[in-house]
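Residue numbers begin at 1 in each chain, while the letters A, B, ... track the order of the sequences.
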2 protein chains.
Amino acid sequence: MKQSNICPRFEKAISLLSQRWTALIIYQMVSGPHRFCSLQSSIGISGKVLSERLKDLELKGIIKRDVIPETPVMIEYSLTEKGYALKPVLNEIENWSQSWVEVKSAEE
Amino acid sequence: MKQSNICPRFEKAISLLSQRWTALIIYQMVSGPHRFCSLQSSIGISGKVLSERLKDLELKGIIKRDVIPETPVMIEYSLTEKGYALKPVLNEIENWSQSWVEVKSAEE
DNA sequence: ATACTTACTTACATAAAGTAACTGATGTCC
DNA sequence: GGACATCAGTTACTTTATGTAAGTAAGTAT
């Protein structure tokens, strides 16, 4: 059962961003290119899911993958123009979180 | 393993919006209050998950639940101020989707 | 040859979501 | 008053997604 009257473009965008980790991966990359292991440790995602997400995001034209033949080999992931265009979305989420999200622990 | 150096407020916001259906539910409600069954049919979510999400969103202060004793009983869900404040996020997603998301079928 | 690094993959376990039938409160029809 | 209908869920069961931890492949370095 899948009948919606919502704009299909919007729905696709939402389903992309509603996938776990996707937004965080893009957020990390807004600040510059990242490598597999740095993403893995900075956002705490498993290697398995990270590689799935990166493949999917590459397929969708949001990120690109570059092999840099250093030693040892280094794979650099960075945002495409399409991916970078998501920055305003992330900025708005950040704004909202600053205004409305509370942190429980006392380290404010 | 969950070690991140990302702002905890932002991370909470992301984890909220990254939950499947949540953004679509909020999006529907931006245009006004909705009932359980109307949400169910308009976004194509199962009753089970919808009731989970609504409870969770109410708990987080994003929506409120009003019982209207009509016939038959009607439950109205609407955004709180905190929930409505997410509108700019959804607008940016909409902007992005208009510029960058393609629809495959020929009904453009 | 052995060990070390990065970038993954694979096999298996757990958590989340989908499906469809069912409950409970209220009300209408006959 | 009994049968039926509606809305708002809930429950039991299946499928899909994610987590965990070990393993693989390519390329040095010793």
Side-chain angles (χ1 to χ4, degrees), chain A residues 1-4 6 11-12 14-29 32-60 62-79, chain B residues 1-4 6 11-12 14-29 32-60 62-79:
Chain A
M1 186 191 286
K2 188 118 216 191
Q3 17 89 271
S4 58
I6 300 165
E11 227 183 333
K12 270 180 113 176
I14 286 284
S15 87
L16 174 82
L17 294 170
S18 287
Q19 241 187 335
R20 198 166 184 184
W21 303 115
T22 301
L24 270 181
I25 291 169
I26 295 167
Y27 175 72
Q28 287 291 306
M29 289 191 187
H34 278 261
R35 314 167 55 171
F36 193 91
C37 64
S38 92
L39 284 169
Q40 206 176 342
S41 62
S42 67
I43 68 185
I45 187 180
S46 70
K48 178 197 164 200
V49 179
L50 179 56
S51 83
E52 283 174 11
R53 287 296 180 277
L54 292 172
K55 269 180 204 153
D56 186 51
L57 288 170
E58 195 188 356
L59 204 82
K60 286 178 172 138
I62 288 165
I63 64 173
K64 66 182 203 296
R65 189 187 118 114
D66 295 306
V67 179
I68 295 168
E70 279 187 3
T71 166
V73 70
M74 173 171 156
I75 313 274
E76 200 178 73
Y77 293 96
S78 50
L79 294 176
Chain B
M1 187 190 286
K2 190 118 216 192
Q3 18 90 270
S4 58
I6 300 165
E11 227 184 333
K12 270 182 112 174
I14 285 285
S15 87
L16 174 82
L17 294 170
S18 288
Q19 241 187 334
R20 199 165 185 183
W21 303 116
T22 302
L24 271 181
I25 292 169
I26 295 168
Y27 175 72
Q28 288 292 308
M29 288 189 188
H34 278 262
R35 315 166 55 168
F36 193 92
C37 64
S38 93
L39 285 168
Q40 208 176 341
S41 62
S42 66
I43 68 184
I45 188 180
S46 69
K48 177 196 163 197
V49 180
L50 179 56
S51 82
E52 282 175 11
R53 287 295 180 278
L54 292 172
K55 269 179 205 155
D56 187 51
L57 289 170
E58 195 189 357
L59 204 79
K60 286 177 171 136
I62 288 164
I63 63 173
K64 66 180 202 295
R65 190 187 116 116
D66 294 305
V67 180
I68 295 168
E70 278 187 4
T71 166
V73 70
M74 171 170 157
I75 312 275
E76 202 176 73
Y77 292 96
S78 50
L79 294 176

* Structure fact -> ring pair (Phe, Tyr, Trp, His ring centres under 6.0 Å) filter on A:Tyr27, not counting sequence neighbours, yields B:Phe10
* Asked: Can you name the residues that form a side-chain hydrogen bond (donor to acceptor under 3.5 Å, both in side chains) with B:Gln19, not counting sequence neighbours?
  -> none
* Contact summary for B:Leu79 and B:Ile63, nearest pair of heavy atoms -> CD2-CG2, 3.9 Å
* To do: Calculate the interatomic distance between A:Ile45 atom CD1 and C:dA7 atom P; express it in whole Å.
  => 15 Å
* Rounding to a whole Å, what distance do you find between B:Arg53:CZ and C:dA17:C1'? -> 8 Å
* Write down the distance between CH2 (A:Trp21) and C1' (D:dT18), rounded to a whole number of angstrom. => 10 Å
* Asked: What is the distance, rounded to the nearest whole Å, between atom CD of A:Glu58 and atom P of C:dA7?
  -> 14 Å
* Structure fact -> Contacts of B:Ser78 meeting side-chain hydrogen bond (donor to acceptor under 3.5 Å, both in side chains) (sequence neighbours excluded), chain-then-number -> B:Lys64
* What residues, two or more places apart in sequence or in another chain, satisfy side-chain hydrogen bond (donor to acceptor under 3.5 Å, both in side chains) together with A:Ser38? -> A:His34
* Structure fact -> Whole-Å distance, A:Leu50 CG to C:dC8 C1', equals 10 Å
* Set of ring pair (Phe, Tyr, Trp, His ring centres under 6.0 Å) partners for A:Phe36, sequence neighbours left out -> none
* Asked: A:Glu70 has an atom CD; how far is it from atom P of C:dT6, in whole Å?
  -> 12 Å
* **Set of side-chain contact (heavy atoms from CB on, under 4.5 Å) partners for A:Leu59, sequence neighbours left out** => none
Is there any protein nitrogen or oxygen under 3.5 Å from a nitrogen or oxygen in nucleotides 7-11 of chain D, and what are the pairs?
{"unit_1": "D:dC7", "atom_1": "O3'", "unit_2": "B:Val73", "atom_2": "O", "d": "3.3"}
{"unit_1": "D:dA8", "atom_1": "OP1", "unit_2": "B:Ile75", "atom_2": "N", "d": "2.8"}
{"unit_1": "D:dA8", "atom_1": "OP2", "unit_2": "B:Cys37", "atom_2": "N", "d": "3.3"}
{"unit_1": "D:dG9", "atom_1": "OP1", "unit_2": "B:Arg65", "atom_2": "NH1", "d": "2.5"}
{"unit_1": "D:dG9", "atom_1": "OP2", "unit_2": "B:Arg65", "atom_2": "NH1", "d": "3.3"}
{"unit_1": "D:dG9", "atom_1": "OP2", "unit_2": "B:Tyr77", "atom_2": "OH", "d": "2.3"}
{"unit_1": "D:dT10", "atom_1": "OP1", "unit_2": "B:Lys55", "atom_2": "NZ", "d": "3.1"}
{"unit_1": "D:dT10", "atom_1": "OP2", "unit_2": "B:Ser51", "atom_2": "OG", "d": "3.1"}
{"unit_1": "D:dT10", "atom_1": "OP2", "unit_2": "B:Lys55", "atom_2": "NZ", "d": "2.9"}

* Nearest-Å distance for atom pair CG/P, residues A:Leu39 and C:dC8 -> 11 Å
* **Phosphate contact (D:dG19 OP1 or OP2) by A:Arg20 side-chain N/O below 4.0 Å** => yes
* Partner set under side-chain hydrogen bond (donor to acceptor under 3.5 Å, both in side chains) for B:Lys55, not counting sequence neighbours -> none
* Structure fact -> the helix from C:dA1-D:dT30 to C:dC30-D:dG1: angle between terminal helix axes, five bp per end, to the nearest 10 degrees, reads 10°
* Asked: In Å and rounded to the nearest 0.5 Å, what is the CG to CD1 distance from A:Leu16 to A:Ile26?
  -> 5.5 Å
